[in-house]
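All values below were derived from every heavy atom in this structure, side-chain atoms included, with hydrogens, water molecules and symmetry-related copies excluded.
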Amino acid sequence: MNPKFLNIPEPTAGMVLGSIIGVACLLSIAVLLGFLAKKQWKSFDEYLVGKRDMGPWVTGLALTGSYISGWAFCGSTAVVYKVGFSGMWFAGIWTLVGIIPTVWLAATKTREFASRLGAATITETIGRRFESKGLQTLIAASMLFFLFIYSVGQLKAAGAVWYAVTGLPPFWCLIISITIAWLFLVFGGYTGTQWFIAVKGGFLGFVGLLIGILALVHAGGFGAISDNLMAQKPTYMALINPSLPQVGVTQLFSSMVGILATPVIFFTMSVGFPHNVSRFLGMKKLSRNEFVLLCFVVWLTAGVPVMLDCSSNGLVARMIFGDNLLANKQWGADLAAPMLAWAIGGVPLISLYLTGLVGAALGTLSAMVFIMSANVTRDIIKLWRPQTSDKSMLYLGYVLIALFLFLPFYWTLERPPALLAIFMGFAAMGLGAIFFFVTVVSYYWKSATKLGAVLTVIYGTLATLWGGWAVLARNPPLLGMGTMEWILISGCGILYFGGSLISKPPSRELINKLFTKETEATASASKMAAG
Amino acid sequence: MQSVTVDPTISWVVWGLLLAGTFVMTVLGTWLIARRWKK
C-alpha cells in the first residue's frame with residue numbers, strides 16, 4: 001500500500017447499515033412492482049410481453065436501465081482507473097453512439113413488427129419475420145449462449161461492491177442477488193421487469209450524474225486531475241497508451257484498428273442486444289412528441305451519466321487511490337467506482353451507489369434471464385409443441401429462471417473472469433454483430449432472407465468462439481480484440497447480405513404485411529372487407 | 001526506454017469534442033426523424 005494515497009476502508013457500521021437500508025428499499029420496490037404487475041398479466045403471452053401499452057417515460061427509462069449494466073456502472077470506471085485516459089476508448093465514451101440509434105432504429109419498428117406478427121419475444125419476431133421455425137430455434141440457442149456469458153459479469157460487479165462495502169463474503173452477496181432476481185421475475189413477468197428496470201434506470205441516471213459531478217468538484221477540476229496524474233505517470237493522461245502494442249495484437253484501447261472498432265462495437269451491441277430491443281416489445285404506438293420525449297429521456301439518463309462514469313470518474317479514482325485498489329487481488333480495479341463514491345461522498349453516497357449497482361445488476365440480469373427462459377419455453381418448446389399448456393410453460397419458466405441465475409452464480413464463484421470489462425466485451429461483440437443485422441437491418445431491408453440470417457447466426461457464433469480462443473486463451477494471442485471485431489462484423493455483414501441476395505425472398509404476403517405503412521394496411525384491409 | 005510526450009489539454013479537448021459531438025448527433029438525428037413523422 002502506498003501511504004500517499006487513500007486505502008480501501010474497512011466496512012463500518014454506518015456503511016453496512018446504509019447499504020442494508022438502501023438495498024432493502026430496492027428490494028421492497030422490486031417486490032411491490034412485482035405484485036402490482038402480477039395483476040397485469042393473465043396469460044402466458046401477457047406474462048412475456050405485457051399489454052403493449054407502455055409510454056415513452058417507462059420505455060425510455062427501462063432502456064436506460066437495461067443498457068446501464070453492472071459493467072457500465074462499475075467495470076467501465078475500472079478500465080480507466082487501471083490503464084488511464086486511453087481506457088475511455090474501450091469504456092463507454094461511445095455510449096450515445098449506441099443507445100440513441102437504438103431508439104431511432106428499433107423503437108417503433110420492434111413494436112410494429114412484433115404487434116403485426118403477434119410475437120411475444122424478439123426471437124419469435126425474427127422467426128416469423130423470416131417464416132422459419134428452424135431459424136427461430138437457432139437464434140434462441142445462440143442468444144442463450146451469449147446471454148449466459150454476458151450474465152456472468154453482472155453478478156461479479158454486484159458481488160464485488162457488496163463485499164467492498166459490507167464485508168460479507170462473495171457467496172452471500174451473490175446468493176442474495178440471485179434470490180432477489182428470481183422472486184422478482186416470477187412475480188412480475190415482462191411488465192414488472194419493465195417497471196422495475198425503469199425505476200432503476202431513473203435512479204441510476206440520477207446517482208451516476210451526482211457522482212460524476214461531485215468527482216470533478218472534489219478533484220478540483222480538469223487541470224487538477226491532469227497535474228496529479230501527470231505526476232503519477234504521464235501515460236495515464238495519454239489518449240493512446242504507448243505501453244500497449246500498437247502493431248500486431250490490436251487492443252481496443254491502443255492501436256487505431258482497435259480504437260476505430262470501439263464505436264462499431266458500442267453501436268452494434270446497443271442496437272443488437274436483445275434485452276435492449278425487448279424494451280420496445282411492450283411499448284404503445286407513439287406520437288411524434290412522444291418519440292422525441294423518448295429520445296430525450298434516454299439521452300438524459302443514459303448518455304451523460306455514463307460518459308462521466310467511464311472517463312473522468314476513473315481518473316479521479318486513480319488520483320485518490322493510486323495503485324492501492326489493485327492490492328486487493330480478488331476484486332482489484334472493480335473497486336474503483338464504489339471507492340470513489342465513498343471517498344467523495346462518504347457513507348450516504350456509497351450507500352446510494354451500492355443500491356444503484358445492485359439495482360443495475362438485478363435489472364439487467366433480470367432482463368437477460370427473462371429472455372433466456374423464454375428462449376427455451378416460448379421459442380423452442382412452444383414453437384415445436386404448441387399443445388403444451390401455458391401453465392406448464394410458466395412453471396418451467398420459473399425453474400429455468402432459477403437455473404439460469406444459478407449457473408453464472410456458480411461459474412463466477414469457481415472461476416472469476418480476470419478483467420470484467422474485457423470478458424463481457426467479448427460476448428457483447430458476438431451478440432451485437434449477429435443481432436444488429438438479423439434483427440434491426442431486417443426491419444428495413446425487405447430482401448433479407450432466412451438464408452442470410454442463418455449464415456449470420458452460425459458464422460457470428462463460431463467466429464466469437466474462435467475469437468475467444470485466439471484472443472484470450474492462446475498464448476501468445478493470435479490477434480487482438482480490435483481486429484477480431486472487424487472480422488466479426490464484416491463476416492456477419494457479408495454473409496447476411498450475400499446469403500439474402502442469392503436466395504428466395506420471403507413471401508409477397510408477408511412483405512406486404514410488414515412493410516406497408518399502417519394507414520395503408522388498414523385502408524387496404526377495410527377495402528377488402530368492404531369488397 | 002522510449003520517452004513519452006503527453007499533453008493533457010489535448011486529451012481533455014478530444015474528450016469534450018466527443019461529448020459535444022454526441023449531443024449534436026442526438027439532437028440532429030431526432031429532429032430529422034421527427035420532422036418526417038407520419039401524422
(request) First locate atom CH2 of B/Trp15, then atom OG of A/Ser312, and finally report the distance between them rounded to the nearest 0.5 Å. (result) 5.0 Å
(request) Would you check if the side chain of B/Thr30 reaches a backbone N or O of A/Cys295 as a donor-acceptor pair within less than 3.5 Å? (result) no
(request) Please flag which part of A/Thr108 lies under 4.5 Å from any non-hydrogen atom of chain B: side chain, backbone, both or neither. (result) side chain
(request) Could you check B/Val6 against A/Phe85 for side chain to side chain contact (heavy atoms under 4.5 Å, CB included), going step by step and ending with a plain yes or no? (result) CA-CA 11 Å; B/Val6 178; A/Phe85 218 147; over 6 Å; no
(request) Look up atom OG1 in B/Thr26 and atom CZ in A/Phe296, then write down how far apart they are to the nearest 0.5 Å. (result) 11.5 Å
(message) How close do A/Arg288 and B/Ala34 get, counting heavy atoms only, and between which atoms?
(response) CD-O, 2.7 Å
(message) Need one label for A/Ile225: side chain, backbone, both or neither, based on atoms under 4.5 Å from any heavy atom in chain B.
(response) side chain
(request) Answer with side chain, backbone, both or neither: which region of A/Ile99 has an atom nearer than 4.5 Å to a non-hydrogen atom of chain B? (result) neither
(request) Step through the shown structure and confirm whether more than 12 heavy atoms of other residues, nucleotides or ligands are within 6.0 Å of CZ on A/Phe206. (result) no
(message) Could you measure the distance from the CG atom of A/Leu286 to the CH2 atom of B/Trp37? Nearest 0.5 Å is fine.
(response) 6.0 Å
(request) List the atom of B/Ile33, the atom of A/Phe291, and the distance in Å for their closest heavy-atom pair. (result) CG2-CE2, 3.6 Å
(message) Given heavy-atom pairs under 4.5 angstrom as the criterion, report whether the side chain, backbone, both or neither of A/Phe222 touches chain B.
(response) both
(message) As an exercise, state the distance from OG of A/Ser311 to CG of B/Leu19, rounded to the nearest 0.5 Å.
(response) 6.5 Å
(request) Measure the CG-CG distance between A/Leu239 and B/Asp7 for me, rounded to the nearest 0.5 Å. (result) 9.5 Å
(request) Could you tell me the separation between the CH2 atom of A/Trp104 and the CE atom of B/Met25, rounded to the nearest 0.5 Å? (result) 4.5 Å
